[in-house]
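Note that the coordinates shown come from a computational prediction; the quantities given were computed from them, not determined experimentally. Basis for what follows: all heavy atoms, side chains included, without hydrogens, waters or symmetry-related copies.
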Amino acid sequence: MGHTFDELRAIVGDRGLISSAEELHTYECDGLTNFRVMPRAVVLPNTTEQVQAVVRICHRERMPFVARGSGTGLSGGALPVENGIVISLARMNRILEVDFPNARVVVEPGVINLDVTGRVSPQDYFYAPDPSSQSICSIGGNVAENSGGAHCLKYGFTTTHVLGLEVVLPDGSLVHFGGKTLDAPGYDLAGVFVGSEGTLGVATKIILRIVKRPECVRTLLAAFPSTNEAGAAVSDIIAEGMLPAAIEMMDNLAIQAAEAAVHANYPNCGGLLLVELDGPVAEVDALMTEVKKICSSNGAPEIRVAQSDAERALVWKGRKAAFAAMGRISPNYIVQDGVIPRTALPQVMSEIERLSQAGGLRVANVFHAGDGNLHPLVLYDRRIAGQEEAAEALSSQILELCIAAGVAPSTHCSFRIPRKSFQLLASVAKSPVNTCRTRPNPQGSRNVIDPRRWTPQLNPKRAACIRRCATNSWRLWEMRMCMRRLPRMPWPEFSRSW
Amino acid sequence: MHAATAADAVAGVQPKLVIEPGAERELAEILRLSNEAGLAVIPRGNGTKLGWGNPPTRADLILSTTRLNEIIEHAWADLTVTVEAGCTIQRLQETLAQHGQRLALDPLWPEKATIGGVLSANDSGALRLRFGALRDLIIGATIALADGTLASSGGKVVKNVAGYDLPKLVTGALGTLGVITRAVFRLHPLPRNTRSFSVAAASAEEAKRFVVAVQDSKLAHTSLQCHFSDDTSPVSDILFEGTEAGLAAQENQLRDLAEHAAVSEASRSTWTAREELWDFSDRPCTAIAKISILPASMARTMKLVENIAKRQQVRWRALVYATGLGWLRLEGKPEALRGALHELRSELEAQHGSLVALHRPEKMPAFDAWGSAGDALPLMKAVKQQMDPKSTLNPGRFVGGI
Ligand SMILES: Cc1cc2nc3c(=O)[nH]c(=O)nc-3n(C[C@H](O)[C@H](O)[C@H](O)COP(=O)(O)OP(=O)(O)OC[C@H]3O[C@@H](n4cnc5c(N)ncnc54)[C@H](O)[C@@H]3O)c2cc1C
């Protein structure tokens, strides 16, 4: 091993190799902090060539590696593999090219999401995908997770904004997917790479699309007696043919938490709707009038439009801080990430309420009403015996609820295949091999993966991928598919590097 | 099921049989049997783009999706639709319109083109500027794989971020990885009002400046395209959608931006101008290519086309979108057409662009439809090898002989 370390050091320099125990602690987990694995070493390459050289050594030594951006991922994607190394892209943080006439930017993977916008905002452009973590997360991480935020309703997820990639494959070779121009001949491997949780290679250069800022942005806050009325207003907005830039919903607990943390000046109510419209002033004004009407006809006694950029920023600060803010009203909490058809919201919310009462634990809810992404936050106190287990149990019940809502055929449709597949997967997931693969899993099982027990083609990060997928039945099916198909997909040399 | 006729030939290759299954399971089963028997299968919708890509190296049976044409669920409140592959774009749009929605895509020949065909050929029109391509609109798909597996991927939720993106893999794969049997799309509201304007330009350079200026402005236009040809001066078209108040304001801004150039109201039909390139009534010796360039190199590219066309003595006409995608029609002698396409492709590829030949006249000497797929070609071949190891599906029609 010493020899390998020397080799790595020769590539990345003394300061590019971390191997002392105390420094390695920083890297033993990502945003999913209850799972920790100490890597053997962390390398911090500066260039694509260095990444290639490091990966070649890993390949030769059959040493597993995990790429890491800023380590904010919530799915354990950057969780090290035992006896493996971490390749941190943090030093590859240069914005290489900004091309305004073509609205393209070329970046290295370690560039922070918000820094792209920072760089192009003097010319009134922005980079659209806006995960709440955007001030710290990296573009490489965004690519691997296909990240998105509130404004993805209108602007799309990371995948829509990634035009091309330079990728180091697991055998150290370099390939290019997509490019600056659209529709490069061949399969859309850039599309496949985005969202693959770092399982297909290391992105070393990314070509992004930037967007011109709209003429105006207006944000409305409407206070409803409960999330049901707020949900009805969302349906009406959509039925009226509007596509806001963002629609977010928070329940009372989430409002309280955000208030406690950032004093966003939210109205105290059962269901808060946040609707943002952007575009030409005349267009936005006309539509805002309609949104207000819809909100009041659905029973919102209080409707406000942020009057200044500062006020608007505060509204968003509250929303984006909502998760972290839970700490203000509860010592511990579990975040769950589910996707449900928007129409299932009232039913899911009342079920969550019932489960919460039955379990004796509070649940706060934040909902991207635009795309059906629901984040139930289960609040608990670890110091009280049994609460953590109860919270985990409640959390997984809620997850199952989301899964059921996602898979339940609504009205007249019949999704024969996915439903069956769901059952199949549910049974597969209980088999011992898969429990091992799915750690860290939503049920919180703690068995440790021995990478060698994995099927050879599987990359460690697949575990995280499976966990994420578990948030939605369709994703379960999809995972089943990619386990059956894609790992056998000859992404070169996974088999040999394992 | 019936015997294939001359009308079923694919780029000159004659298949023997046409099968039109009535259910997904049936289609998958036929595919499995064909695969086992070593037959080459050509998936087909309504055949509007069957000539795209290279001629197949083998073709035994045509597997038609036309009977799989149900609109399974329009979940309008969730802004999604699940539809079978054989449904035509137009019929889908009519159904969606009942709830004031649409698939925000304007492919060629919507009255005939099927969902499966449009997806496989990755065809998109002028709306792409605002709403993205199929890859951005598709959120799920069911695919019959060569071994008979019916694979579903993605979901009917708009946000769909986990797992490898199979729907993206089959979009634009020209039916070489599997047969798409159904797809789930995210939808957009129908516009309340629309207005189109045309803006004249004295030169390609001026047209390009206009396009770049519009793109850099606060206008919220939906589409922007430029017409070029060897015998007319360039014209740009711009489409706005929205409320009356919004449209009026944007018209004023557009007129300011266009400065001295003549701005006139255009008819909606200008947005189907792409179809006119496929008019073969009087000039049979025509080639049509899709080009992809950087939007800001529009003028330079048109200059290039002009020079090459002069040298090769071919007539030309082009429609270029602000996304940098364009469609080029060339008329001339078969050798000259080939020469012109070849020259232009090398030039475009040198600038990170591409040229894909969509239509070639019969007598034109062989010319690869795709051009270079770059250093990812081995990986693409490997993907094909995994998903369709016996090359049952559309053999030889895709990039690099896939
Ligand atoms: C408070 C908070 C709020 C959040 N809000 C959101 C949100 O609103 N929306 C959202 O989508 N996510 C959100 N996240 C999750 C997380 O921030 C995103 O997933 C983010 O994209 C991860 O970026 P990162 O740089 O931290 O990646 P990391 O956590 O370092 O890595 C994530 C994955 O990417 C891989 N990876 C990293 N770099 C590369 C590379 N160059 N090539 C290949 N693979 C690579 C890693 O191996 C890992 O699998 C939030 C997280 C936190 C802590």
Side-chain angles (χ1 to χ4, degrees), chain A residues 101-103 146 156-157 160 175-177 179-189 191-192 195-196 212 214-215 235 238 241-243 279-280 282-283 286-287 339-343 371-373 406 410 412-413 417-418 421 465 468-469 472 474-475 477-479 481-482 485-486 488-490, chain B residues 72-73 75 77-79 82 100 132 135-136 142 150-155 157-159 161-166 168-169 171-173 188-190 192 212 216 218 220 242-243 245-246 249-250 292-296 323-325 352-354 356 370-371 373-376 379-380 382-383 386 399:
Chain A
N102 292 305
N146 190 17
F157 291 84
T160 293
V175 290
H176 298 80
F177 302 151
K180 278 192 185 169
T181 59
L182 306 179
D183 290 358
Y187 299 131
D188 184 6
L189 296 183
V192 175
S196 62
K212 187 78 180 180
E215 190 176 43
S235 293
I238 284 163
M242 284 180 257
L243 185 69
E283 182 78 19
L287 294 178
V339 184
I340 57 173
R342 196 162 27 220
T343 40
D371 60 17
N373 195 187
S410 59
H412 50 277
C413 75
I417 303 150
S421 72
C465 192
R468 269 173 78 94
C469 290
N472 176 287
W474 285 86
R475 297 179 185 184
W477 169 244
E478 180 163 63
M479 264 333 291
M481 272 322 300
C482 51
R485 288 273 146 202
L486 295 184
R488 285 198 285 124
M489 221 164 92
Chain B
I72 295 168
E73 186 193 19
D78 289 320
L79 286 167
T82 306
R135 75 196 289 285
D136 304 302
T142 301
L150 264 182
S152 279
S153 172
V157 283
V158 173
K159 178 173 174 174
V161 293
Y164 296 142
D165 209 325
L166 278 182
K168 284 203 182 67
L169 193 57
T171 299
H188 286 83
L190 274 172
R192 302 183 178 194
V212 171
D216 190 46
K218 300 281 185 178
T243 60
Q250 296 200 69
S292 180
I293 57 173
L294 282 171
T323 52
L325 291 176
H352 308 289
S354 60
V356 174
W370 300 101
D375 55 15
L379 216 49
M380 292 178 191
V383 169
Q386 279 298 317
V399 292

For the candidates [options], which exhibits the highest count of non-hydrogen atom pairs separated by less than 4.5 Å from chain A?
options: B/L294, B/V212, B/L325; answer: B/L294
options: B/V399, B/T243, B/L190; answer: B/T243
options: B/A249, B/G371, B/G132, B/A376; answer: B/A376
options: B/A373, B/A77, B/A220, B/G100; answer: B/A77
options: B/G242, B/G172, B/G324, B/G374; answer: B/G242

Inset, instruction - Mark yes or no for whether B/S292, through its side chain, and B/S354, through its backbone, hold a donor-acceptor pair below 3.5 Å. - result: no
Inset, instruction - Mind listing the closest non-hydrogen atom pair of B/A296 and A/P101 along with its distance? - result: CB-CB, 3.8 Å
Any chance you could measure [X], atom [atom1], to [Y], atom [atom2], to the nearest 0.5 Å?
X: B/K168; Y: B/D136; atom1: NZ; atom2: CG; value: 7.0 Å
X: A/I238; Y: B/H188; atom1: CD1; atom2: NE2; value: 11.5 Å
X: A/E283; Y: B/Q250; atom1: CD; atom2: CD; value: 6.5 Å
X: B/L379; Y: A/H176; atom1: CG; atom2: NE2; value: 13.0 Å
X: A/Y187; Y: B/T171; atom1: OH; atom2: OG1; value: 12.5 Å

Legend entry - Proximity breakdown for B/A173 and chain A, heavy-atom pairs closer than 4.5 Å: both
Legend entry - Residue part contacting chain A, namely of B/I293, when any heavy atom lies under 4.5 Å: backbone
Inset, instruction - May I ask you to name which of A/L182, A/T160, A/L243 has the most heavy-atom pairs under 4.5 Å with chain B? - result: A/L182
Legend entry - Greatest number of heavy atom pairs closer than 4.5 Å to chain B - which of A/V175, A/D188, A/N102: A/N102
Inset, instruction - Answer with side chain, backbone, both or neither: which region of A/K212 has an atom nearer than 4.5 Å to a non-hydrogen atom of chain B? - result: side chain
